[in-house]
Number of protein chains: 2
Amino acid sequence: MSHRTNGTRRTIGQRPVASIQDVADRAEVSIATVSRALNKPHLVSPETALRISRAVTELGYRPNRLAQALMTRRSGVVGIALPDIHGEFYSDLMRGADAEAREQGCHLLVGSSHLAPLDGTDPATGGMGRALGLIDGLAVMITEPRPTLDAELEALGAPIVVVDAEVADHDAVVVNHAGGAREATRHLLDGTPPSKCFFVGGPESNLDSRARARAFGATLCEAGHSPTPDQIRFDSYSIGWGQRWTRDAARIQDLRGIAVFAANDEIGYGVVTQAQDLGFGVPDDVRVVGFDGTRLTEIARPSLSTVLVPREELGRQAIRVLLQRLESPDAPRRRVMLSTSLIVRGSSGQ
Amino acid sequence: MSHRTNGTRRTIGQRPVASIQDVADRAEVSIATVSRALNKPHLVSPETALRISRAVTELGYRPNRLAQALMTRRSGVVGIALPDIHGEFYSDLMRGADAEAREQGCHLLVGSSHLAPLDGTDPATGGMGRALGLIDGLAVMITEPRPTLDAELEALGAPIVVVDAEVADHDAVVVNHAGGAREATRHLLDGTPPSKCFFVGGPESNLDSRARARAFGATLCEAGHSPTPDQIRFDSYSIGWGQRWTRDAARIQDLRGIAVFAANDEIGYGVVTQAQDLGFGVPDDVRVVGFDGTRLTEIARPSLSTVLVPREELGRQAIRVLLQRLESPDAPRRRVMLSTSLIVRGSSGQ
DNA sequence: CTGAAAGCGCTAACAG
DNA sequence: CTGTTAGCGCTTTCAG
């Protein structure tokens, strides 16, 4: 009945792998019926269905996803491209993405753009360009502005959702950085005059860092004080920078009575520890608020006030929006904004 | 020339996607020639090659990986199944795996087994069972013993490399936990009598935790002291447990002069901080060594001595061994052991 | 060096 | 309800 042209059975390792034809032969039906029994059971008589399901288990048959995907134009795999697979932020993001993908019956293909792409193309998408056909869509996280980004995404030839940024025409899932930064700044302003508030930023090129700085500045203005340049600094997302900023600041002025809004928790942690090492009290002399809500905030003593970013949720929503887009390709562009929440802890007293 | 049966062009979003047939038409050659030009350029005349490559760029053609994979039986995707995508350990592991995969021209499909599998099958492999055909092989990290593991892996129908454990017949990449634990214990024994050394473990079911405990005990024995039950405790990999252990221990005995080997850095961190809170000096009263070499060790004050586990390298090697297995399916089973290195810092004095 | 033809394993009309 | 037929987009003999 079966007539496998090359006469050989496909094997992996030493084990033969059953194909739909094998199942059909064993159940004495056509492959079409097997396919139906598996995908649209209601179209198959109970008896044949039983014979088939028996054959399936006996042979340990499992449909080849590749062949399936080629026909249905759906591989059930979505890509996620991150700047770097590293640290708590991305780790949590991926966790959420993975959970959502799984719940929807999909797999997650990862790629990080910090690794040079093999062929010099699509750096922002972490080499996903080579996955054409393999992935149904892609979630890309963007943290730095790139002039060529649009072209890169376009060339990908797959539905895209942008994470934590906005790119024309694409769905986006973003975090309300401005809102969070505003809230944190207002909290500091409640007890500290605007002229004694400082923003210690991450890389100046980093979009999030910029957004937070902008909101900080705007909030100070609203409070009737236009921030001086030295009230807003940028460098890097690291403990070391937080410490360095603190040392430098102490050299110029008295730290007593100041409040620091750090662009992320690491910076904030650095500020807290360095201030303490210099003999200042936190929060009595120096008040500090971080950003992200990472574990570090709970390790700090006093524990660090922070703006919680829903990291897992960000990953989840990215995948969710992507899959919805796949369902309805012609739906209007979507934009989901996730809100942060201020967590006041010991480091910012009040 | 082309005769696409359904007459429609495949599109993604609004953009048409070119197929090999489109390229062939445009270059006025057969699809076979296009395929050759792309895969075995030396078999094609320079002129046709040029025409084809021109057509390729003009159409923005990129081969469909799915179709390619169906023919070649190689998708260029390898899976990695972790207990959980979370925390520094797995994050680094994935980073290494991703880097290696990319360097070898592959993609990485992730799956974590902490998420219930959709169909109740293969919990250990993070739902990779559904990826049959999509992945060329799988790296699985095992941290808890599972009776059904062998069957689960077998059912997967793809080459497998086991990470951080040994499973009959499969390639394995492991960490020398015993060696690292021995080294750490000897270091503590150098200055502290064996009867005052304690092992504070993670979950008792965790294979790594067990291995470290065993080596700790053996090393004490070699020093002429058979450890009492209270010298080896298990609970969980958390800061909280380290703190709790310390409080409990302080209730029973004087902490002065003891040395603690923590099964991971978090536990170690908990011990250090709690001991300090109870008024003991680290390392003067209590000496502590952690395990893993995570960032937490540098944050601790004094910084935490630890046994560095090459996490990125572990991920790298897992993928490397897997890809080598794919190259030579009949090569003898391989086993790669990665060594740890003791990092002595402030917390263990000397 | 190039083209025709035969599939990879599967789904999807279309007739029965 | 079931079988037949036609491909999905690509690689690979096998003849020229």
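The chains referred to below are lettered A, B, ... by the order of the sequence lines, with proteins before strands, and numbering in each begins at 1.
- Under 4.0 angstrom from either OP1 or OP2 of D/dG3 there lies at least one side-chain N or O belonging to A/S30.
- In this structure, CG of B/L70 is placed 17 Å from P of D/dG7, rounded to the nearest angstrom.
- When the side-chain nitrogen and oxygen atoms of B/T33 are compared with OP1 and OP2 of C/dT2, none of them lie within a distance under 4.0 Å.
- When the P atom of D/dT2 is taken as reference, atom CZ of A/R36 falls 8 Å away, rounded to whole Å.
- One finds a side-chain N or O of A/N39 lying less than 4.0 angstrom from the OP1 or OP2 phosphate oxygen of C/dT11.
- Per the geometry, CG belonging to A/L43 stands 12 Å off P belonging to C/dA13, to the nearest Å.
- Across all strands shown, B/V34 has no heavy atoms under 4.0 Å from either base or sugar-phosphate atoms.
- In this structure, B/D25 atom CG and C/dG3 atom P are separated by 12 Å, rounded to whole Å.
- The distance from atom CD of A/Q21 to atom C1' of C/dG7 is 13 Å, rounded to the nearest whole Å.
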Please walk me through it: do A/I142 and A/L207 pass side chain to side chain contact (heavy atoms under 4.5 Å, CB included)? CA-CA 8 Å; A/I142 311 282; A/L207 295 168; 4.3 Å; yes

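- Rounded to whole Å, atom P of D/dC8 lies 19 Å from atom CG of A/L134.
- Enclosure of atom CG in B/D169 is not indicated, since only 12 or fewer non-hydrogen atoms of other residues, nucleotides or ligands lie within 6.0 angstrom.
- The CG-C1' distance, from A/D22 to C/dC8, rounds to 13 Å in whole Å.
- Between A/R73 and the phosphate of D/dG9, there is a side-chain N or O to OP1/OP2 separation shorter than 4.0 Å.
- Taking a cutoff of 4.0 Å between a charged side-chain nitrogen and a carboxylate oxygen, B/R54 and B/E28 do not qualify as a salt bridge.
- Between B/K40 and B/L66, the one whose closest nucleotide on DNA chain D sits nearer the 5' end is B/L66.
- To the nearest 0.5 Å, atoms OG (B/S112) and CZ (A/R102) are separated by 5.0 Å.
- Following rounding to the nearest Å, B/N64 (CG) and D/dC8 (P) show an atom-to-atom distance of 12 Å.
- Between the side chains of B/D136 and B/S75, at least one donor-acceptor pair of N or O atoms lies under 3.5 Å.
- Under 4.0 Å is where a charged nitrogen must lie from a carboxylate oxygen, and between A/E166 and A/R333 at least one such pair does.
- Comparing C/dG9, D/dT12, D/dC10 against the side chain of B/T72 picks out D/dT12 as the nearest.
- Contacts between residues 44-56 of chain A and DNA chain D, counted as heavy-atom distances below 4.0 Å, involve A/V44, A/S45, A/T48.
- When the nearest nucleotides of DNA chain C are assigned to A/I31 and B/M71 by heavy-atom distance, the more 5′-ward of the two goes with B/M71.
- The line from CD1 of A/I52 to CZ of A/R26 is 13.5 Å long, rounded to the nearest 0.5 Å.
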